[in-house]
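The structure appears right after this line, and notes come after that.
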Amino acid sequence: DAGVTQSPTHLIKTRGQQVTLRCSPKSGHDTVSWYQQALGQGPQFIFQYYEEEERQRGNFPDRFSGHQFPNYSSELNVNALLLGDSALYLCASSASVATNEKLFFGSGTQLSVL
Amino acid sequence: GENVEQHPSTLSVQEGDSAVIKCTYSDSASNYFPWYKQELGKGPQLIIDIRSNVGEKKDQRIAVTLNKTAKHFSLHITETQPEDSAVYFCAASSGYTGNQFYFGTGTSLTVIP
């Protein structure tokens, strides 16, 4: 049973550039959430996608956007990168958009902004 | 919004001893409390969770307790093993926040052989 897969595993960008991160949910899951984890901190919620729409959003600027495809996979896009965007970006999937569903995480994409 | 605090930030125990990690939350509407284990270079892995209608839950060497009145919950690991060494995160969510989980800042557990 394939778990949540993310690509790439590592990425280095410079300030002002744009980046796209990709995620495939766990088999049987249709809801994808993205979290940002700064070094030494817990994950912070960015947004959640279900039925190809953004359903919920955390306290992140519009530079952070996403997309969900018909096969439930998802992308996270970050525009105009800042040094402070350097972090581990985690994708998580759940079996439905219902509240308090178990959340399963991928291994993340480590983004470094220089 | 919800605020989850986690203590201690680091914890070292001898192999075979017990480890306890504590979290408090601020939003009385929170009703789901998962615990995650994160090993170096990996994403958080769900190890146990508890819902607000239950006071305690156990799975082999791991147990979680919840005190809704005091708004705190704890993770208990008994008979610790070196492979338990990792960073542990508590989290909280409520029906009002959908599937937005609020995480603590993590506890780095080291089990000394």
Side-chain angles (χ1 to χ4, degrees), chain A residues 2-10 21 23-26 29-51 53-60 74 87-110, chain B residues 1-10 21 23-25 27 29-54 57 59 64 66 73 75 86-108:
Chain A
V4 179
T5 58
Q6 293 186 242
S7 64
T9 55
H10 296 82
L21 312 181
C23 170
S24 291
K26 181 178 169 66
H29 287 188
D30 60 7
T31 304
V32 174
S33 300
W34 288 91
Y35 283 76
Q36 180 195 66
Q37 186 177 22
L39 191 63
Q41 300 296 315
Q44 279 197 298
F45 178 76
I46 303 175
F47 43 53
Q48 181 187 71
Y49 275 83
Y50 172 69
E51 290 187 332
E53 290 186 6
E54 182 184 297
R55 298 290 177 156
Q56 198 172 0
R57 189 178 184 93
N59 189 25
F60 278 81
S74 176
L88 180 67
Y89 288 85
L90 295 164
C91 172
S93 70
S94 52
S96 80
V97 74
T99 58
N100 299 338
E101 279 287 334
K102 293 179 188 289
L103 209 57
F104 295 86
F105 285 88
S107 293
T109 294
Q110 184 65 54
Chain B
E2 173 67 281
N3 181 43
V4 178
E5 296 190 355
Q6 183 172 346
H7 300 280
S9 57
T10 60
I21 302 170
C23 288
T24 60
Y25 61 98
D27 188 353
S30 288
N31 56 11
Y32 176 62
F33 307 92
W35 285 88
Y36 287 85
K37 175 185 181 181
Q38 187 172 26
E39 297 176 312
L40 199 61
K42 296 185 179 180
Q45 175 192 3
L46 178 67
I47 56 173
I48 196 167
D49 57 5
I50 191 168
R51 301 183 187 273
S52 61
N53 59 345
V54 175
K57 184 177 179 180
D59 182 5
V64 57
L66 171 64
F73 56 114
L75 177 71
V87 179
Y88 291 81
F89 291 96
C90 62
S93 74
S94 73
Y96 296 103
T97 60
N99 270 319
Q100 180 174 353
F101 287 13
Y102 294 87
F103 284 81
T105 51
T107 296
S108 179

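Lettering of chains follows the sequences in order, A, B, ..., and the numbering in each one begins at 1.
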Residue, of A:Ser107, A:Cys91, A:Gly108, A:Gly106, that accumulates the most heavy atom pairs under 4.5 Å with chain B: A:Ser107

Counting only non-hydrogen atoms closer than 4.5 Å, does A:Gln44 touch chain B with its backbone (N, CA, C, O), its side chain (CB onward), both, or neither? neither

Parallel, tilted or perpendicular: which one describes the rings of B:Phe103 and B:Tyr36, with boundaries at 30° and 60°? tilted

Portion of B:Gln6 that has a non-hydrogen atom of chain A nearer than 4.5 angstrom: neither

Under 6.0 Å between ring centres: does that hold for A:Phe45 and A:Phe47? no

Would you mind checking which part of A:Tyr35 comes under 4.5 Å of any heavy atom in chain B, side chain (CB onward), backbone (N, CA, C, O), both or neither? side chain

Taking side chain as everything from C-beta outward and backbone as N, CA, C, O, which of these in A:Thr9 sits under 4.5 Å from a heavy atom of chain B? Side chain, backbone, both or neither. neither

Is it the backbone or the side chain of B:Pro44 that comes under 4.5 Å from a heavy atom of chain A, or both, or neither? both

Check each of A:Cys23, A:Pro25, A:Ser24 against A:Ser93 using the side-chain contact (heavy atoms from CB on, under 4.5 Å) test, and report the only one that passes. A:Pro25

For A:Glu101 and A:Ser94, indicate whether the former's side chain and the latter's backbone hold a donor-acceptor pair under 3.5 Å. no

Mark yes or no: A:Lys26 above the aromatic ring of A:Phe104, with NZ or CZ under 6.0 Å from the six-membered ring centre and no more than 45 degrees from the axis. yes

Checking A:Ile46 against chain B: side chain, backbone, both or neither under 4.5 Å from a heavy atom? neither

